[in-house]
Amino acid sequence: MVHTLNQCANVAMDPPFNEAYKALLAESGGGGSEGGGTVEECELPVVDLRRLSEGTAAEVEECKKEIARACEEWGFFQVVNHGISKRLLGEMRAKQMELFKQPFERKFMNFSAGSYRWGTPTATSLRQLSWSEAFHVSLSDILGSTALSDHLTLRSTMEEFAGKVSSLAQKVAEILAENLGSSSKFFVENCVGSSCFLRMNRYPPCPVPGPGQIFGLMPHTDSDFLTILHQDQVGGLQLLKDARWIAVKPNPDALIINIGDLFQAWSNDVYKSVEHRVVTNPKVERFSVAYFFCPSNETVIKSECENEAAAVYKRFSFREFRNQVQEDVRNHGYKIGLPRFLLSS
């Protein structure tokens, strides 16, 4: 009886995937897809940030070089001794789980309109469907949300977490700008707290048969400068490296940082915004929280290179980039991203 009650609770809590995508699921036929097959598990480059504050001058420089090298070769890396306590990470995870355990119909009431998202409304095929739900919240919404008056401890935890990861993002951006011979003043002025986002993710168990049949989050690149991710130990994150997918081995002591499209354009292709995805799990739910280091909509992105003739991308505002992404998703079912802004096109 307990098992039955838990199943009923999950049904009330989970988004109605089966109903909304009944036609797509009926077409699946139980076969595999591009997400199937064996994927090798790999540990991302790990950078110990303690050296930045406690190391010798030589150790500080080596730490900075490791960060830049990882962003050039991988687009992804992990950081340990990052200054965000296990206490805070644990509180963030607990409050996040509590938020997702609400009945489905109440989840839309926690933040401003459009913050709660699930599935892929534009999906026309299984490969475009994301079996997940999320609260995608601007930091200004966290600070000003009246709906969160019933979740005061959640708001204070989110504020504290966002403040810590924001400082970390600024530090990493400063290091990467310095590596290019550029000033970090751009990020201090344009990537302020109110322009950044926090996204709490939940990936419910997916009962659809067939390995890789449905993604938890479909393959994509991030539309920001940097993303900082804290994930649980379930696993499921995969990234494209040397034309093959690799699974990221969870590290309980690390945060994952990856380059977004804007930093690839700003660095003139020195740093790589890498395609990544989340695969579903048939039995276990997965949680993660991501911080997106973004500029204001009016911020203009241009390639940082001494010779403008060598620039790879057109100048564009963040608003133009976001609008183009949204238009492509509506028209094609997926994001095209940076190729839209190549000078050669």
From CA spacing to verdict: side chain to side chain contact (heavy atoms under 4.5 Å, CB included), Glu174, Val188: CA-CA 9 Å; Glu174 175 186 338; Val188 174; over 6 Å; no
Arg286 vs Gln231, side chain to side chain donor-acceptor pair (under 3.5 Å): CA-CA, chis, key distance, verdict: CA-CA 8 Å; Arg286 175 182 183 267; Gln231 63 169 347; 2.6 Å; yes
Working for side chain to side chain contact (heavy atoms under 4.5 Å, CB included), residues Lys185 and Glu189: CA-CA 6 Å; Lys185 185 179 179 181; Glu189 293 177 347; 2.6 Å; yes
Chi angles and distances behind the ring pair (Phe, Tyr, Trp, His ring centres under 6.0 Å) call for Phe161, Tyr291: CA-CA 9 Å; Phe161 178 80; Tyr291 177 84; 7.7 Å; no
Residues Phe197, Phe293; criterion side chain to side chain contact (heavy atoms under 4.5 Å, CB included); working and verdict: CA-CA 7 Å; Phe197 292 84; Phe293 189 56; over 6 Å; no
Stepwise side chain to side chain contact (heavy atoms under 4.5 Å, CB included) check, Gln78 with Val47: CA-CA 6 Å; Gln78 299 178 99; Val47 180; over 6 Å; no
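With contacts defined as side-chain heavy-atom distances shorter than 4.5 Å, the pair Lys107/Met13 qualifies. Put simply, the side chain of Val300 does not reach to within 4.5 Å of the side chain of Phe316, judged on heavy atoms. The side-chain heavy atoms of Phe263 and Cys71, taken from C-beta on, include no pair separated by under 4.5 Å. Counting heavy atoms from C-beta on, the side chains of Ser115 and His136 never come closer than 4.5 Å. A heavy-atom distance below 4.5 Å is not found between the side chains of Ile336 and Val329. Contact of the Ser267 side chain with the Leu176 side chain is not registered, since no non-hydrogen atoms from C-beta on lie closer than 4.5 Å. Side-chain atoms of Arg340 and Lys314, non-hydrogen and from C-beta on, never get closer than 4.5 Å to each other. The shortest side-chain heavy-atom distance between Leu52 and Lys171 falls under the 4.5 Å cut-off.
Hydrophobic clustering (ILVMFWY, side-chain heavy atoms < 4.5 Å, transitive): Met97 and Leu99 are in one cluster. Residues Leu338 and Leu342 fall within the same hydrophobic cluster, defined by Ile, Leu, Val, Met, Phe, Trp and Tyr side chains chained together at heavy-atom separations under 4.5 Å. In terms of hydrophobic clustering, with Ile, Leu, Val, Met, Phe, Trp and Tyr side chains grouped at heavy-atom distances under 4.5 Å, Val165 and Val46 are assigned to different clusters. Cluster annotation: Val234 and Met200 are assigned to distinct hydrophobic clusters (Ile/Leu/Val/Met/Phe/Trp/Tyr, side-chain heavy-atom contacts under 4.5 Å, transitive). Residues Val312 and Ile259 share a single hydrophobic cluster, defined by chaining ILVMFWY side chains whose heavy atoms lie under 4.5 Å apart.
With sequence neighbours excluded, no residue satisfies side chain to side chain donor-acceptor pair (under 3.5 Å) with Tyr203. Applying the side chain to side chain donor-acceptor pair (under 3.5 Å) test to Glu327 and every residue at least two apart in sequence or in another chain returns nothing. Taking the ring pair (Phe, Tyr, Trp, His ring centres under 6.0 Å) definition, one finds that Phe318 meets it with nothing, sequence neighbours left out. Glu19 meets the side chain to side chain donor-acceptor pair (under 3.5 Å) test with no other residue; sequence neighbours excluded. Shown here are the side chain to side chain donor-acceptor pair (under 3.5 Å) partners of Arg315, two or more places apart in sequence or in another chain: there are none.
The aromatic ring centres of Tyr271 and Trp266 sit 6.0 Å or more apart. Phe215 has its ring centre no less than 6.0 Å from the ring centre of Trp131. Between Phe187 and Phe225, a ring centre-to-centre spacing shorter than 6.0 Å is recorded. With ring centers used as reference points, Phe111 lies 6.0 Å or more from Tyr116.
At distances below 3.5 Å, not a single donor-acceptor pair connects side-chain atoms of Ser182 with backbone N or O atoms of Glu178. Between the side chain of Ser296 and the backbone N or O of Asn190 there is no donor-acceptor pair closer than 3.5 Å. Using modelled atom types, no side-chain atom of His82 and backbone atom of Val80 make a donor-acceptor pair closer than 3.5 Å. No donor-acceptor pair closer than 3.5 Å links the side chain of Asn201 to the backbone N or O of Val289. The backbone N or O of Gly333 sits nowhere less than 3.5 Å from a side-chain atom of Asp328 that would complete a donor-acceptor pair. Under the 3.5 Å distance criterion, the side-chain polar atoms of Ser303 are matched with a main-chain donor or acceptor of Ala265. Formation of a donor-acceptor pair under 3.5 Å by the Gln96 side chain with backbone atoms of Phe287 is not found in this model. A distance-only check finds a donor-acceptor pair linking the side chain of Glu320 to the backbone of Ser317 [under 3.5 Å]. Looking only at distances, a side-chain donor or acceptor of Ser132 sits under 3.5 Å from a matching main-chain atom of Gly216.
The side-chain tip of Lys272 does not point at the ring of Trp74 from less than 6.0 angstrom away and within 45° of straight on.
The environment of Lys241 atom NZ is dense: over 12 non-hydrogen atoms of other residues, nucleotides or ligands sit within 6.0 angstrom.
Residue pairs meeting the side chain to side chain donor-acceptor pair (under 3.5 Å) criterion with at least one member in residues 252-265, sequence neighbours excluded: Thr221-Asp261, Asp222-Asn258, Asp261-Ser273, Asp261-Lys335, Gln264-Asp269, Gln264-Tyr313.
Annotation: the span from Leu237 atom CG to Ser288 atom OG amounts to 8.5 Å, rounded to 0.5 Å. Within the model, atoms NZ of Lys65 and CG of Asn179 stand 9.5 Å from one another, a figure rounded to the nearest 0.5 Å.
Taking the six-membered ring where tryptophan is involved, the planes of Tyr334 and His332 are tilted, since the angle between them lies from 30° to 60°.
Taking all atoms of both residues into account, the shortest heavy-atom contact from Leu168 to Val79 is CD2-CG2, 4.4 Å. Across Ser130 and Leu217, no two heavy atoms sit closer than the pair OG-CA, 3.5 Å. Considering every non-hydrogen atom in both Val274 and His276, the closest pair reads O-ND1, 2.9 Å. The heavy-atom pair separating Val60 from Gly55 by the smallest distance is CG2-O, 4.1 Å. Considering all non-hydrogen atoms of both residues, Asp224 and Phe292 come closest at OD2-CD2, 3.1 Å. Residue Leu24 comes nearest to Ala123 through the heavy atom pair CD1-O, 4.1 Å, listed as atom of the first residue, atom of the second, then distance.
A salt bridge links Glu160 to Arg87: at least one charged side-chain nitrogen sits closer than 4.0 Å to a carboxylate oxygen. Salt bridge annotation for Glu62-Arg69: present, with a cationic side-chain nitrogen under 4.0 angstrom from a carboxylate oxygen. A salt bridge between Glu133 and Arg202 is present, with a side-chain N of the basic residue lying under 4.0 Å from a carboxylate O of the acidic one.
A donor-acceptor contact under 3.5 angstrom links the side chains of Gln128 and Thr124, judged on distance only. Remark: the Ser140 side chain and the Ser138 side chain contain an N/O donor-acceptor pair separated by less than 3.5 Å.
Checking each of Arg277, Glu275, Glu41, Glu40 against Gln238 for a side chain to side chain donor-acceptor pair (under 3.5 Å) leaves exactly one that passes, namely Arg277.
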